[in-house]
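Because the structure is a prediction, the values reported are computed rather than measured. Chain letters run A, B, ... following the sequence lines, proteins first, then strands; residues in each count from 1.
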Amino acid sequence: MCCAQQDMLRRFLVVRICENLDSKNVFILKKRCFSSFSNIKHLKRIHAKYIRNGSIEEDILAIGKLVADISISSPSNLNYARSIVAHLPYRPNVFMWNSLIRGYAQSAMPEEAIPLYCEMIKQGLLPNNYTFPFVLKACAQLSPTYVGLVFHGTIIKRGFEDCDPFIQTSLVYFYASCGFIDSARQLFDRCSVRDTTSWNALIKGYVKVGRYIDAIRVFRIMQDRRDVEVDEITLLGVVLACSQLGALDMGRWVHTYIDKNHVNLNRNLGTALIDMYARCGCIDIALDLFRRQSEKDVRTWSVMIGGLAAHGLAKEALNLFFEMQQFRLSPDSVILTHVLSACSHAGMVTVGLKILNEMSEVHNVEPKIEHYGCIVDLLGRAGHLEEALDIIRRTPLKPDVVLWGALLVACRAYKNVEMGETVAREMLKLDPHHCGAHVFLSNVYASTGRWDAVDQVRHSMKEQGIKKAPGSSLIELDGDVYEFIAGDERHPQSTQINLMLDEIARLMKLEGHVSATREVALDIDDEEKERALYRHSEKLAVAFGLINTRQGSPIRIVKNLRVCEDCHSVMKLISKAFNRLIVIRDRSRFHHFKDGLCSCRDYW
DNA sequence: ATAGGGTTAG
């Protein structure tokens, strides 16, 4: 039995223990576990029979079916299928080529599909309408986009573009996969027939390129139409968009829709829903769903452990991590990142180091750069800067900007200027355009009065056109998502928001709040710095939330960067002064502000 | 005989 089958068998046993299944279900599961094992054996037996009784010479249809079955049975059998095709006493037909291309398109080596297509053409065969969906599926995964573009040309030339809905959908998804979502949209609009799959391809395309609001917009249009049915894959795309946007109301709506319409809550959709609730800050609902979800796989555990980690619930994350191992499920690389980041958010230095050291032996996962990143972050946050530096120096992997960046953040927090300077220089060696490193250096020089050095850094930043990525915050209101960019004046209700910000500032002054201007890196005086902080995107969003939501209802915000020190303390004060729960998901974790306190206990 | 859409962190 190979590793994959052993793994399946193990999972089967786990499922049996967990679910307490009756004998009929056990039988079905058993069959599923062993199907690929017996399948290829069975197929090989058929092949042997064909060789013995001479069918290979005569029955081209039967051989075709055999090639097809072997090709899709498992990617590991593709070489076998190829060798059958290569040793035929006659030229293989289009069906056989299609089957091989299909097999590679769904394997880890989609690039192999292209030479097969070329070989088929060389042998004087013509591709048919079945060929292109397979080929495009392979192209959607390839990095040189032009391969797929060439095939689009071929499709037009051979007259398939306007008449085959399967090819049209494949094209839509191919363009979206390459990031050309607007071309995908144009193709979609031109389609003669649009069924559920075409709509799903477009929605998933928008999700893929990060245009989540558009994905939801398309879903709404789809839903208004009478001629097309929404299915679980449509909903999966929408839930993914909601997770990214933190659009809880929309996500809840989908959940209700699933329940009301008896949509099959399969493993993928269930996992996506758990992830959505966790990413919208509702960790309790996520946990409840997780416990009730009967079909779980490694990804289900992964999103749950990741959700707990992001909420700073390290103990719970670790418990789940151990629990899954009791079920004999092996944690993968992503789960270990989650666990290490949980340790980091909770300052659990010893536990984190132990897990890192045991990774390769106990879990059979070689530590990657992101795992070291978590450890550097863990040590750095806890103030062990030297040890963090030591980890970077001793890493068997080549340190990247992100790894150094984790240490730079710690140097800033603990005001270690010397080490910070070294780290920033290392970062600029790797990425001369890194904004954070430039800003850090400039601040270091400014704090020690080395104004000529400050000028030099500023000048080179300007010359290279380096700008800080603008902060952006999302907030959902009545099912619509609003985006606020730092300093932006062109938002809805600009006047009211400014008035609210003034009101907040007045309350903050009363509470004795002093703006944390040291984080502002601009070459301006303190008053201007205060104004810049004043217009941080999360403050704009929270003001918008305060104006437009019922008193006492929670305000949820998703931010693209980490929340700054000033915003953090202002949010605490707002939660008290306005008696609101404020939930902010930032780049690295959740902050639940309530009664003047934050769930991160100011350790983030 | 064969087809298009399907989850995981930063």
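Under the 6.0 Å distance and 45° angle rule, A:Arg412 does not count as a cation-pi partner of A:Phe440. Stacking of A:Lys137 on the aromatic ring of A:Tyr173 is not recorded, the 6.0 Å distance cut-off and the 45° axial limit not both being met.
A:Lys204 comes within 4.0 angstrom of sugar-phosphate atoms only, judged by non-hydrogen atoms across all strands, and of no base. Residue-level contact check: A:Gly64 touches the bases, meaning some heavy atom is under 4.0 Å from a base atom. When heavy atoms are screened at a 4.0 angstrom cut-off, A:Ser198 is found touching base atoms of the nucleic acid. Nucleic acid contact class of A:Thr196 (heavy atoms, under 4.0 Å, all strands): base.
Each of B:dT8, B:dG4, B:dT2 was ranked by its minimum atom distance to the side chain of A:Leu240; first place goes to B:dT8. Proximity note for A:Ser170 (side chain, C-beta onward) versus B:dG4, B:dG6, B:dT8: the nearest is B:dG4. Each of B:dA3, B:dA1, B:dT7 was ranked by its minimum atom distance to the side chain of A:Phe134; first place goes to B:dA3. Each of B:dG6, B:dT8, B:dA1 was ranked by its minimum atom distance to the side chain of A:Asp332; first place goes to B:dT8. Candidate nucleotides B:dT8, B:dG6, B:dT2 were compared by shortest atom distance to the side chain of A:Val334, and B:dT8 ranks first. Checked against B:dG4, B:dT8, B:dG6, the side chain of A:Asp275 finds its nearest nucleotide in B:dT8. Of the candidates B:dT8, B:dA1, B:dG4, B:dG4 carries the atom nearest the A:Phe166 side chain, counting heavy atoms from C-beta on. You'll find that the side chain of A:Arg102 is closest to B:dT2, out of B:dT7, B:dG4, B:dT2. With distances taken from any side-chain atom of A:Tyr173 to the nucleotides B:dG4, B:dT8, B:dG6, the minimum falls on B:dG6.
Per the geometry, CD belonging to A:Glu161 stands 19 Å off P belonging to B:dG4, to the nearest Å. As a whole-Å value, the separation of A:Phe160 CZ from B:dT2 C1' is 14 Å. Taking atom CG of A:Leu171 as the reference point, atom C1' of B:dA3 lies 13 Å away to the nearest angstrom. Between A:Phe290 atom CZ and B:dT7 atom P there is a gap of 19 Å when expressed in whole angstrom units. Atom CD1 in A:Ile72 sits about 15 Å away from atom P in B:dA1, given to the nearest Å. As a whole-Å value, the separation of A:Gln141 CD from B:dG4 P is 12 Å. Atom pair A:Leu100:CG and B:dT2:P shows a separation of 16 Å (rounding to whole Å applied). Rounded to whole Å, the distance from CH2 on A:Trp301 to P on B:dT8 is 19 Å.
The base of B:dG4 is paired with the side chain of A:Thr169 by a donor and an acceptor separated by under 3.5 Å. Evaluation of atom-type donor-acceptor distances gives no pair under 3.5 Å for the side chain of A:Asp164 against the base of B:dG4.
Residues A:Trp404 and A:Ile392 meet the side-chain proximity criterion, which asks for heavy atoms closer than 4.5 Å.
Under the 3.5 Å distance criterion, with hydrogens and angles disregarded, a donor-acceptor pair is assigned to the side chains of A:Asp195 and A:Ser198. Side chains of A:Thr337 and A:Glu370: a donor-acceptor N/O pair is absent below 3.5 angstrom, by distance only. For A:Thr196 and A:Asp231, the side-chain atoms include no donor-acceptor pair closer than 3.5 Å.
A:Leu61 is linked by a side chain to side chain contact (heavy atoms under 4.5 Å, CB included) to A:Asp59, counting only residues two or more places apart in sequence or in another chain. Among residues two or more places apart in sequence or in another chain, the side chain to side chain contact (heavy atoms under 4.5 Å, CB included) test is passed with A:Glu366 by A:Ser360.
Near-neighbour residues of DNA chain B inside residues 367-382 of chain A, defined by a heavy atom below 4.0 Å, number-ordered: A:Glu370.
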